[in-house]
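Contents: one structure, followed by commentary.
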Amino acid sequence: MISTPPVLARDIDGKAIAAQVLDEVRDEVRVLARQQIHPALAVLLVGEDPASEVYVRNKLLRAQEVGIRSLEYRLTATASQDEVLALIAQLNADVAVNGILVQLPLPAHIDEAAVIHAIDPIKDVDGFHRENVGGLVQGIEVLTPCTPSGCMRLLQETCGDLSGLHAVVIGRSNIVGKPMATLLLQAHCSVSVVHSRSVDAPALCRLADIVVAAVGRPGLIDASWLKPGAVVIDVGINRIATETGHRLVGDVDYASARTVASAITPVPGGVGPMTIAYLLKNTLVASQLQRGARVRERLVVDEVVPG
Ligand code: GUN
């Protein structure tokens, strides 16, 4: 008997879609430059974590490529929390700085939450500040976390209108899972969040039209977790050892999942490039929000002190 090979899911090309987003950012930067507006992003790295060094280098490089001014700040791993907070206060006060990103993780002696919440919410291009988290939940225009925002763009490019689709988010982190679920809800999806205490996670996942995997468990989700035709977004970036070195794999078993899904992000080349693209887009949004806030401040001052 001749068996027909399975129809494989198409790849969602994160590199190409991120390039499109970066082109949009570059165009807007050019328009702003004609008005003498030059958005700037400050990136702070504390310590010498090798993975963080690579991430920061890429962020600064991409910023330069689209014409966003990037300012790199480095503190040693022994820097005190007060030193980090003092630098953030200085960047908050500097009107020429539009976005502030503190690369995580921070050294163990520094309170990550205290640092995140010291950043002026209007400059919080990561969207991690509780004021932005609250705004996101309430549907107010705020800075939203970069990776989930990038995933939404991938989904919109792949599916068009997401309204009425059932999305399952696997993982409930503050950085990806929770904001992802909120953004999907705003796009009118029915949303389930599956996590380590969920009973029969594969069965819940099999109900999904859209699966977003963000758990940090290499290859956890295979074909048996998926409804035929599901669209799969793999946020995982896991480094696994091979005989010759290492390779990056997602939370989804790509070879298996693509025999059932209709579209899937590869790792690398799927979600990864979108995170930086949305960081730079957020820097533009931040500069726009700050200009709006300054205009509103002037209006209030003019009302209180008539000229
Ligand atoms: N470290 C890993 N991912 C991120 C991120 O999205 N933002 C920051 N600031 N640090 C990270």
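Order of listing sets the numbers, starting from 1, for every ligand and every atom in it.
When only non-hydrogen protein atoms are considered, atom 10 (N) of ligand 1 lies nearest to Leu104 N, 3.0 Å.
Checked by distance only, ligand 1 and Gln103 come closer than 3.5 Å through their nitrogen or oxygen atoms.
A pairwise comparison of heavy atoms in Arg69 and Leu71 identifies NH1-CD2, 4.0 Å as the closest pair.
The protein reaches atom 1 (N) of ligand 1 closely, with a heavy atom under 4.0 angstrom from it.
Side chain of Asp94 to backbone of Ala96: a donor-acceptor contact under 3.5 angstrom is found. Between the side chain of Asp234 and the main chain of Asp251, a donor-acceptor pair closer than 3.5 Å is present. With hydrogens and angles ignored, the 3.5 Å screen pairs no side-chain donor or acceptor of Arg10 with any backbone N or O of Ser262.
When the shell of 6.0 Å around OH of Tyr73 is examined, it contains more than 12 heavy atoms from other residues, nucleotides or ligands.
Here Val102 has backbone heavy atoms under 4.0 Å from ligand 1, and that is the only part of it that gets that close.
Those atoms of ligand 1 with a heavy atom of Leu101 less than 4.0 angstrom away are 9 (N).
Heavy-atom distances between Asp126 and ligand 1 reach below 4.0 Å in at least one pair.
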